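Owing to the predicted nature of the structure, the values given are computational and were not obtained by experimental measurement.
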Amino acid sequence: MGKLLIVGSVAFDAIETPFGKTGKILGGAAPFIGLAASQFKTKSAIVSVVGDDFPQAYLDLLTDRNIDISGIEVVKGGKTFFWQGKYHNDLNSRDTLVTELNTLGDFTPVVPSDFKNADVVMLGNLHPNTQMSVINQMEERPKLIILDTMNFWMDNTWDELMEVIKKIDVITINDEEARQMTKEYSLVKAAAKIQEMGPKYVVIKKGEHGALLFHKENIFFAPALPLEEVFDPTGAGDTFAGGFSGYLAETGNISFENMKNAIIHGSNLASFCVEKFGTERMLELQKHEVEARLMQFRDLTQFNIELT
């Protein structure tokens with residue numbers, strides 16, 4: 001059983017889609033990553049920060065799934081990070097209505113001593129200096145360091161981001177961000193340029209169109225499972241990252257061939273996430289459902305070619 005260290009926001013989200021809206025619910029990158037990773041045999045811990053307005057019941061949801069929360073700092077008198085967004089009818093685009101950093105604005109991560117030797121580190125979408133601080137706290141080089149980032153950090157903290165990217169093994173970004181990072185429209189060329197920056201592996205997420213994995217000259221594509229209904233895409237990318245990192249932490253195999261499996265597991269779990277608001281679907285997800293959908297992925301992608 002490998003150890004997985006998860007670093008990311010723990011937050012309140014308020015979401016509106018064409019199918020309804022919520023009040024403040026459990027959100028942030030870390031819970032989505034953690035809940036997805038909890039589907040695998042791995043010891044995981046979250047490093048984050050919340051205010052004392054964050055319900056104990058939400059923390060209990062994480063510990064009930066064997067996620068170590070000793071690295072989640074609770075700031076007395078502080079308020080928890082809050083994000084509110086509204087999705088357009090196509091669910092591919094959204095408007096951010098409110099962003100309140102609150103305690104996340106002054107967050108200094110502290111890695112629990114039991115996870116300073118984690119096998120896999122999943123650095124969620126945070127300030128590059130926060131991500132670097134976690135890397136520097138590790139007692140030994142993890143087998144794998146995975147980083148998620150976004151265009152905001154490219155626009156505002158480019159130099160710091162480049163320093164972190166030199167130290168990681170895998171980067172997960174979407175196609176728009178890959179193009180912005182490299183000024184290349186071709187994702188093949190973009191992935192090659194990103195590998196020159198430091199990461200050995202590049203995962204480019206394409207939402208409902210699947211995900212691409214690049215390593216040297218090797219390319220793997222995993223489709224997204226066609227779904228009858230997408231209810232709320234919030235957290236799907238983080239759920240993908242949790243499935244990807246959780247599977248690799250369980251297996252301990254970081255070869256390109258095994259990363260193909262990790263991509264499928266991540267895509268599989270992300271397909272559940274979008275079926276209900278926020279973390280709701282991930283909290284009720286059963287192992288037999290996960291396994292049945294994995295078989296659907298296999299049937300979707302497996303075929304024989306006869307050469308004539």
Salt-bridge present (Lys193, Glu196; N to O < 4.0 Å): no

Contact summary for Glu250 and Thr42, nearest pair of heavy atoms: N-CB, 4.5 Å

Lys/Arg-Asp/Glu bridge criterion (N-O < 4.0 Å) met for Glu275, Arg281: yes

Test item: Leu62 and Asp64 side chains (from C-beta on) under 4.5 Å apart, heavy atoms: no

Intermediate values then yes/no, side-chain contact (heavy atoms from CB on, under 4.5 Å), Leu248 and Asn253: CA-CA 6 Å; Leu248 292 173; Asn253 180 349; over 6 Å; no

Short N-O contact, Glu140 and Lys116, less than 4.0 angstrom: no

Ionic contact status for Lys86 with Asp95, cut-off 4.0 Å: no

Asp60 side chain reached by Gln56 side chain, heavy atoms, under 4.5 Å: yes

Aromatic ring pairing Phe231/Phe19, orientation class (parallel under 30°, perpendicular over 60°, tilted between): parallel

Sidechain N-carboxylate O distance under 4.0 Å for Lys21, Asp232: no

Presence of salt bridge, Lys79 and Asp52, under 4.0 angstrom: no

Side-chain donor/acceptor of Glu177 to backbone N/O of Asn174, under 3.5 Å: yes

Thr149 and Asn125: side chain donor to acceptor below 3.5 Å: no

Worked verdict on Lys166 versus Glu163 for side-chain contact (heavy atoms from CB on, under 4.5 Å): CA-CA 5 Å; Lys166 290 176 185 175; Glu163 288 303 309; 3.0 Å; yes

Heavy-atom donor-acceptor pair, Asp169 side chain to Ile145 backbone, under 3.5 Å: yes

Side-chain heavy-atom pair Val202, Leu213 within 4.5 angstrom cut-off: no

Heavy atoms of other groups near Asp106 CG, more than 12 under 6.0 Å: no

Minimum-distance pair of heavy atoms, taken over all atoms of Leu26 and Pro31: CD1-CG, 4.0 Å

Approximate separation, where rounding is to 0.5 Å, of Ile264 CD1 and Arg298 CZ: 12.5 Å

Gln195 versus Lys200, closest heavy-atom pair with distance: OE1-O, 3.3 Å

Salt bridge flag under 4.0 Å for residues Asp148 and Lys205: yes

Shortest non-hydrogen contact from Ala178 toward Ile173: CA-CD1, 3.5 Å

Phe244 and Phe240 aromatic ring geometry - parallel, tilted or perpendicular at 30°/60° bounds: parallel

Joint hydrophobic cluster, Phe32 plus Leu126, side-chain heavy atoms closer than 4.5 Å: no

Aromatic ring pairing Tyr247/His265, orientation class (parallel under 30°, perpendicular over 60°, tilted between): parallel

Heavy-atom closest contact (Lys143 atom, Ile254 atom, distance): O-CD1, 3.4 Å

Thr251 and Asn258: side chain donor to acceptor below 3.5 Å: yes

Rounded distance (nearest 0.5 Å) linking atom CZ of Phe81 with atom CG of Asp13: 7.5 Å

Ring-face cation of Arg179 near Tyr185 (centre distance under 6.0 Å, axis angle within 45°): yes

Under 3.5 Å side-chain donor-acceptor pair for Asn117 and Lys3: yes

Worked verdict on Gln180 versus Asp155 for side chain to side chain donor-acceptor pair (under 3.5 Å): CA-CA 9 Å; Gln180 177 177 338; Asp155 291 336; 2.8 Å; yes

Phe54 and Phe12 aromatic ring geometry - parallel, tilted or perpendicular at 30°/60° bounds: tilted

